[in-house]
There are 2 protein chains.
Amino acid sequence: METKTTLPKSVKNKKRGALTGRQLEDLVETFKVLSDPTRLKIAVTLTNNELCVHDIADATGISESAASHQLRVLRSLRLVKHRRQGKQIFYSLDDHHIEKLIQVATEHIAER
Amino acid sequence: METKTTLPKSVKNKKRGALTGRQLEDLVETFKVLSDPTRLKIAVTLTNNELCVHDIADATGISESAASHQLRVLRSLRLVKHRRQGKQIFYSLDDHHIEKLIQVATEHIAER
DNA sequence: TCAATGTATGAACAAGTGTTCAGATAAGCA
DNA sequence: TGCTTATCTGAACACTTGTTCATACATTGA
């Protein structure tokens with residue numbers, strides 16, 4: 001991304017769309033977290049389900065290590081929450097917007 | 001993404017979530033196209049606007065070449081449509097779901 | 001047809017990202 | 001305390017991706 005003028009970002013971002021740089025970054029991060037097949041599988045799997053890492057790995061067909069890595073990403077962006085019960089940690093969706101995003105995107109691919 | 005069993009994908013994907021492999025790929029692609037700052041800027045800029053490449057580049061602060069490259073990506077996924085008028089080509093959003101996705105994601109980042 | 005403008009394209013590079021593998025914690029139980 | 005199970009973590013690797021630069025194509029008007 002290269003600038004063509006000497007305008008500071010704060011000015012240019014207000015030209016259209018009314019999105020601050022911070023908002024744009026956060027939006028990008030939100031879409032990015034769902035743009036990986038492993039993470040999306042996990043998100044879909046956790047819709048209406050509370051599962052431990054082993055079950056998540058089993059249900060999605062990925063290794064437990066890979067699942068753990070991606071769950072940390074999902075956790076850091078507050079897409080999933082976790083609850084420890086003994087040795088196990090149960091994960092579930094932490095935001096109804098996630099299901100909504102998946103739903104709208106599903107409608108999109110169905111209609112195009 | 002590695003398998004841990006000998007189950008074919010078609011079986012494993014039906015365990016939970018009821019998403020086919022094709023649907024998952026399309027969903028991933030949809031989120032991925034919005035997970036790049038340049039493309040997201042363009043999408044936001046084109047909300048309620050029909051603009052030519054030069055204006056898109058100007059409004060988003062990216063080079064015309066970069067804009068053109070990304071517009072092709074957006075076009076290939078049917079997120080934008082184009083209309084030629086003389087030497088200029090005007091782009092606009094081709095799917096109301098895109099605005100909806102941006103809206104829901106914006107709500108998400110505002111509440112977390 | 002030639003020049004000028006608007007847009008598209010290909011190659012190459014830099015940067016980012018997800019997986020695997022090995023090993024490290026953490027909790028429960030004998 | 002040890003042992004086992006469940007999960008996490010770091011490093012390394014292969015792979016993907018977006019940008020830039022130079023160039024090509026397309027349309028219009030002289």
Side-chain angles (χ1 to χ4, degrees), chain A residues 1-5 9 24-25 27-43 45-46 50-77 79-92, chain B residues 1-5 9 12 24-25 27-46 50-77 79-92:
Chain A
M1 170 174 41
E2 196 45 66
T3 58
K4 297 179 66 185
T5 74
K9 282 184 179 178
L24 185 87
E25 287 174 33
L27 280 180
V28 164
E29 221 174 12
T30 300
F31 287 123
K32 188 177 292 181
V33 78
L34 293 173
S35 70
D36 171 72
T38 298
R39 286 192 295 267
L40 187 59
K41 273 186 193 176
I42 292 176
T45 301
L46 289 181
E50 189 190 42
L51 298 171
C52 65
V53 177
H54 176 81
D55 287 343
I56 291 171
D58 194 47
T60 56
I62 62 183
S63 73
E64 295 184 10
S65 178
S68 183
H69 275 292
Q70 300 304 168
L71 280 166
R72 180 163 58 151
V73 176
L74 293 168
R75 213 166 42 187
S76 71
L77 292 183
L79 268 72
V80 303
K81 57 188 172 188
H82 61 293
R83 171 179 70 86
R84 178 178 279 278
Q85 187 176 42
K87 277 182 288 191
Q88 296 181 109
I89 297 181
F90 288 90
Y91 286 88
S92 55
Chain B
M1 171 173 39
E2 197 43 67
T3 58
K4 299 178 63 186
T5 72
K9 283 183 180 179
K12 296 172 75 170
L24 185 87
E25 286 174 34
L27 280 179
V28 164
E29 223 175 10
T30 299
F31 287 123
K32 188 176 291 181
V33 79
L34 294 173
S35 70
D36 171 71
T38 298
R39 286 191 296 267
L40 187 58
K41 274 186 192 175
I42 293 176
V44 170
T45 300
L46 290 181
E50 189 190 43
L51 298 172
C52 65
V53 176
H54 176 81
D55 287 344
I56 291 170
D58 195 45
T60 55
I62 64 182
S63 73
E64 294 185 10
S65 178
S68 183
H69 274 292
Q70 299 306 170
L71 280 166
R72 181 165 55 152
V73 175
L74 292 168
R75 212 167 42 187
S76 71
L77 291 183
L79 268 73
V80 304
K81 57 188 174 190
H82 61 293
R83 172 179 70 86
R84 178 180 280 276
Q85 187 175 42
K87 277 182 285 192
Q88 297 181 108
I89 297 180
F90 289 90
Y91 286 88
S92 56

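By convention in this document, chain letters (A, B, ...) are assigned in the order of the sequence lines, proteins followed by strands, and residues within each chain are numbered from 1. Keep in mind it's a predicted model, so treat the numbers as computed, not measured.
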Remember a base hit wins even if backbone is also touched, and classify B:Tyr91 as base, sugar-phosphate or nothing at under 4.0 Å, heavy atoms. sugar-phosphate
Return the value, rounded to whole Å, for the distance between atom CG of B:Asp36 and atom C1' of C:dG16. 12 Å
Could you give the CD-to-C1' distance, from B:Glu64 to C:dT7, as a whole number of Å? 8 Å
C:dA8 OP1/OP2 closer than 4.0 Å to side-chain N/O of B:Arg75: yes
Name the residue closer to the 5' end of DNA chain D, choosing between B:Val73 and B:Lys87 according to the nucleotide with the nearest heavy atom. B:Val73
A:Arg83 CZ to C:dA27 C1', straight-line distance once rounded to whole Å: 15 Å
Can you check the A:Ile89 CD1 to C:dA27 C1' distance for me, whole Å? 10 Å
When every non-hydrogen atom of B:Ser35 is compared with those of A:Phe31, the smallest separation belongs to CB-C, 3.7 Å
Decide yes or no for A:Leu34 and A:Leu79: does some side-chain heavy atom of the first lie under 4.5 Å from some side-chain heavy atom of the second? yes
Do B:Thr30 and B:Leu77 have side chains that get closer than 4.5 Å, going by heavy atoms? no
Ignoring hydrogens and angles, does a donor from either the side chain of A:Ser65 or the base of D:dC8 sit under 3.5 Å from an acceptor on the other? no
Of the non-hydrogen atoms in A:Ile42 and A:Leu71, which two are nearest, and what is the gap between them? CG2-CD2, 3.9 Å
Integer-rounded Å distance: C:dA27 C1' and A:Gln88 CD: 11 Å
Is A:Arg84 near enough to C:dA26 that one of its side-chain N or O atoms lies under 4.0 angstrom from OP1 or OP2? no
Just N and O in the side chain of B:Arg39: are any of them under 4.0 Å from OP1 or OP2 of D:dG18? yes
Is there aromatic stacking of A:His69 against C:dT19, centre distance under 5.5 Å, plane angle under 30°? no
If you look at every heavy atom in A:Gly86 and A:Arg84, which pair is closest and at what distance? O-NH1, 3.0 Å
Separation of atom CD in B:Gln70 from atom C1' in D:dT17, rounded to whole Å: 9 Å
It should be established whether A:Ser68 places a side-chain nitrogen or oxygen under 4.0 Å from OP1 or OP2 of nucleotide D:dT7. no
Length of the line joining A:Ile56:CD1 and D:dA6:P, which is rounded to integer Å: 14 Å
OP1 or OP2 of D:dT27 versus the side-chain N and O atoms of B:Gln85: is any pair under 4.0 Å? no
May I ask you to verify if any side-chain N or O of A:Thr38 is less than 4.0 angstrom from the OP1 or OP2 atom of C:dG18? no
Can you tell me the distance, in whole Å, between the CZ atom of A:Arg72 and the C1' atom of C:dA24? 13 Å
